[in-house]
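Because the structure is a prediction, the values reported are computed rather than measured. Here is how names work: the chains are called A, B, and so on, in the same order as the sequence lines, proteins then strands, and each is numbered from 1.
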Number of protein chains: 2
Amino acid sequence: MATSRPRQRAYHHGDLQAALLRAAGRMLEKRGLARLSLRQAAGGIGVSHNAPYRHFPDRDSLLAALAAQGFAALGSAMQEAAASGGLRAMGAAYVRFALRRPQRFRLMFGSAVPSARHAALRENATRVFERLVQALAPQLPGPAGRDASLAAWALVHGLSQLLLDERIAAAALRGRDRDTLVSAVLESIRFAAAKAQTPP
Amino acid sequence: MATSRPRQRAYHHGDLQAALLRAAGRMLEKRGLARLSLRQAAGGIGVSHNAPYRHFPDRDSLLAALAAQGFAALGSAMQEAAASGGLRAMGAAYVRFALRRPQRFRLMFGSAVPSARHAALRENATRVFERLVQALAPQLPGPAGRDASLAAWALVHGLSQLLLDERIAAAALRGRDRDTLVSAVLESIRFAAAKAQTPP
DNA sequence: CCTTGATGTTGCCATTGTCTACATTCGATG
DNA sequence: CATCGAATGTAGACAATGGCAACATCAAGG
């Protein structure tokens, strides 16, 4: 009808949930979790401060959705890397994901959104965990192998966290690029339960 | 003097800074970083909502002080463990610290308080990092040894983080207690650059 | 075409961090 | 011992947030 809102969008956004997740994801990475504001995200998209609550019961639920998306992306990255480069490539993909999206990575593994209360998050996280264990099982069989699997996972997870600290990263690089560093660190380890590993 | 505030303390608290850090440390561990409120901490101690700002420029500075204290405690725990039990005991102490104070541990290594802006935090963190590297250097010499040192640190750091997740911890324990699990995982690893290690 | 549910808007409340101005006390100095 | 200044409190206000209730608008289905 003729009564117009000059340069305003239609009353119905059409895909507000996805737009909120994109905006919140960018804000998370740029400003950190504490300064992620639903009001600002909504304002940036051009809807009112309360519109997000039509798509997410509360702020924590939106954060849980961001974390679930993160696990989906991490799972994909690891799977692609494993298909072409094996276990070490898979580990390197894990670290690369963390370094590329540090705040998302922290959200995924932090305590801000307990997965016990968010089913989709729990499912996506569990899927990644199970794929990891399945990928390692042939190389690290038996109960000692399961401990070694946890060690392998701990190694790449911890490396991700430590390299997010710029001082630690700077001290470790010693003129190498990050991919070279990650490979060198991953190759410095042998697992007591391991079958002989193909070199990279 | 006789004009009394029944059951109220004197106008000057006397050690408000330390009291705030204790109260905030408890609130951090109990409710998480997002729900740590300086107003509530002040109220619980019996001072006004603005009194904390006489001791800390802002909320982030108090959090930085909490993180700095955490690094001091972690350093002490690791040093004591190393003195009596060597490198593996030191690694186990690191994991134990994280599991005992998960929110503090996350604060210490998270992005909420950048250590670039908080000198005491930077110093305490650096001291722990340097001690760790010094402890590992005799066992893991040379440039490959430094990569292996980072791997060793990543291993215990990652293990700490992963075991904070109750599902991961539950799946990994398989009837063992946590100390046994941690020992088994740490022992499942060999370092390519290592001298022969004394068994535990 | 009407009704209903989905999805927006508006206004309000409680709480927070932090600012300014003022009040009180303690310690140092003369 | 008295005074002064700094340290350390209190009181009030502001801007921002998350989230609630009530109302408004639109799209889809019968």
Taking 4.0 Å as the cut-off, does a side-chain nitrogen or oxygen of [X] come that near to OP1 or OP2 on [N]?
{"X": "B/H55", "N": "D/dG9", "answer": "yes"}
{"X": "A/R59", "N": "D/dG18", "answer": "yes"}
{"X": "A/Y53", "N": "D/dG19", "answer": "yes"}
{"X": "A/S37", "N": "D/dG18", "answer": "yes"}

For a quick check, tell me whether the side chain of [X] and the base of [N] share a donor-acceptor pair closer than 3.5 Å.
{"X": "B/R35", "N": "C/dT16", "result": "no"}
{"X": "B/N50", "N": "D/dT8", "result": "no"}
{"X": "A/R39", "N": "D/dG19", "result": "yes"}

Can you check the [X] [atom1] to [N] [atom2] distance for me, whole Å?
{"X": "B/L33", "N": "C/dT16", "atom1": "CG", "atom2": "C1'", "value": "14 Å"}
{"X": "B/L16", "N": "D/dA7", "atom1": "CG", "atom2": "C1'", "value": "12 Å"}
{"X": "A/R54", "N": "D/dA22", "atom1": "CZ", "atom2": "P", "value": "12 Å"}
{"X": "A/H13", "N": "D/dT25", "atom1": "NE2", "atom2": "C1'", "value": "16 Å"}
{"X": "A/D15", "N": "D/dA27", "atom1": "CG", "atom2": "C1'", "value": "16 Å"}
{"X": "A/Y11", "N": "C/dG5", "atom1": "OH", "atom2": "C1'", "value": "13 Å"}
{"X": "A/F56", "N": "D/dC20", "atom1": "CZ", "atom2": "C1'", "value": "19 Å"}
{"X": "B/L20", "N": "D/dG9", "atom1": "CG", "atom2": "C1'", "value": "12 Å"}

Next on the checklist: Give me the atom names and distance for the closest heavy-atom approach of B/L21 to B/L66.
Outcome noted: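 Smallest heavy-atom distance, with atoms named: O-CD2, 3.5 Å.
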
Item to check | Residue whose closest nucleotide on DNA chain C lies nearer the 5' end, B/H49 versus B/H12 | outcome: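 Final value for this comparison: B/H49.
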
Checklist entry - Rounded to the nearest 0.5 Å, what separation is found between the CZ atom of B/R96 and the CG atom of B/D179? => result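 Here the rounded value is 5.5 Å.
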
Checklist entry - How many angstroms lie between atom CG of A/L36 and atom CG of A/L62, to the nearest 0.5 angstrom? => result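 A/L36 CG to A/L62 CG: 7.5 Å, rounded to 0.5 Å.
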
Checklist entry - Hey, is CD on B/Q17 packed in by over 12 heavy atoms from elsewhere, all under 6.0 Å? => result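 More than 12 heavy atoms, drawn from other residues, nucleotides or ligands, come within 6.0 Å of this atom.
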
Next on the checklist: Over all strands shown, is B/L36 touching base, sugar-phosphate only, or nothing at heavy-atom distances under 4.0 angstrom?
Outcome noted: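 Sugar-phosphate contact only.
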
Checklist entry - NA contact type, B/G43, heavy-atom cut-off 4.0 Å: base, sugar-phosphate, or nothing? => result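 B/G43: no heavy atom of the nucleic acid under 4.0 Å.
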
Checklist entry - Pick the nucleotide of DNA chain D nearest each of B/A51 and A/D58; which residue has the one closer to the 5' end? => result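 On the 5' side of the pair lies B/A51.
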
Checklist entry - Using the ring of each side chain (for Trp, its six-membered ring), is A/F109 parallel, tilted or perpendicular to A/Y94, with breaks at 30° and 60°? => result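 Because their plane-to-plane angle lies in the 30° to 60° range, the rings of A/F109 and A/Y94 count as tilted.
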
